[in-house]
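Heads up, the thing below is written out as structure tokens.
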Amino acid sequence: MDVQLRRGLLEVCVLAAIERHDSYGYQIVREMEPYVEISESTLYPILRRLEAAQMLTVYSVEHNGRLRKYYRITDPGRARLAGFEEEWKELVRIHQFIAQEGSGT
């Protein structure tokens with residue numbers, strides 16, 4: 001898969017996981033695991049990019065004597081998810097065009 005396409009899809013997947021409930025890195029990886037392969041080393045740069053783009057906010061909670069970073073989706077993050085739904089419809093139309101049988105080739 002194209003690197004840029006995969007990157008964009010992973011960002012949207014991370015936003016979708018966090019939209020369901022505030023979450024932390026390890027939990028996000030585990031929730032995405034049945035659907036898409038992502039490692040923590042891939043996840044954290046995505047989380048930083050989404051935070052820098054103000055699609056996420058971060059807060060800390062003490063857990064077993066340590067601070068754990070939790071991520072919460074923001075309105076711009078929700079808007080990105082909504083925009084992806086429209087982009088996906090366009091991608092489906094493009095795929096249908098590419099996959100047409102008897103398209104003259």
Which atoms form the tightest heavy-atom contact between [X] and [Y], and what is the distance?
X     : Y     : result
Ile28 : Ser23 : CG1-OG, 3.5 Å
Ser39 : Ser41 : OG-OG, 2.9 Å
Met32 : Ala17 : CG-CB, 4.4 Å
Tyr24 : Tyr71 : CA-CD1, 4.3 Å

Notebook entry, point to check: Is the count of non-hydrogen atoms from other residues, nucleotides or ligands lying under 6.0 Å from Glu37 atom CD greater than 12?
Noted result: no
Next item on the list: For Gln54, look at atom CD and say whether over 12 heavy atoms of other residues, nucleotides or ligands are found less than 6.0 Å away.
Entry: no
Checklist line | Gap separating the CD1 atom of Ile18 from the CD atom of Glu31, nearest 0.5 angstrom | finding: 9.5 Å
Margin query: Can you tell me how far apart CD (Gln27) and CG (Asp22) are? Round to the nearest 0.5 Å.
Written below: 9.5 Å
Do [X] and [Y] come close enough that some side-chain heavy atom pair is under 4.5 Å?
X     : Y     : value
Leu47 : Tyr44 : yes
Arg78 : Glu19 : yes
Leu10 : Leu43 : no
Ile46 : Glu51 : no
Arg72 : His21 : no
Ile73 : Met55 : no

Item checked: Worked check of side-chain contact (heavy atoms from CB on, under 4.5 Å) between Arg6 and Val36 -> CA-CA 10 Å; Arg6 179 171 169 73; Val36 63; 4.1 Å; yes
Co-membership, hydrophobic cluster, residues [X] and [Y], 4.5 Å side-chain:
X     : Y     : value
Val29 : Leu15 : yes
Ile38 : Tyr35 : no
Tyr26 : Tyr59 : yes

Item checked: Any donor-acceptor pair under 3.5 Å from Ser60 side chain to Leu67 backbone -> no
Margin query: Using the ring-ring contact (aromatic ring centres under 6.0 Å, His included) criterion, which residues pair with Phe84? Sequence neighbours excluded.
Written below: Trp88
Note to self: Suppose we screen for side chain to side chain donor-acceptor pair (under 3.5 Å). Which residues come up paired with Asn64, at least two apart in sequence or across chains?
What the structure shows: none
Item checked: Lys/Arg-Asp/Glu bridge criterion (N-O < 4.0 Å) met for Glu85, Lys89 -> no
Checklist line | Ion pair Arg49/Glu11, N-O distance below 4.0 Å | finding: yes
Checklist line | side chain to side chain donor-acceptor pair (under 3.5 Å) between His95 and Glu90, worked out | finding: CA-CA 9 Å; His95 176 263; Glu90 182 180 356; over 6 Å; no
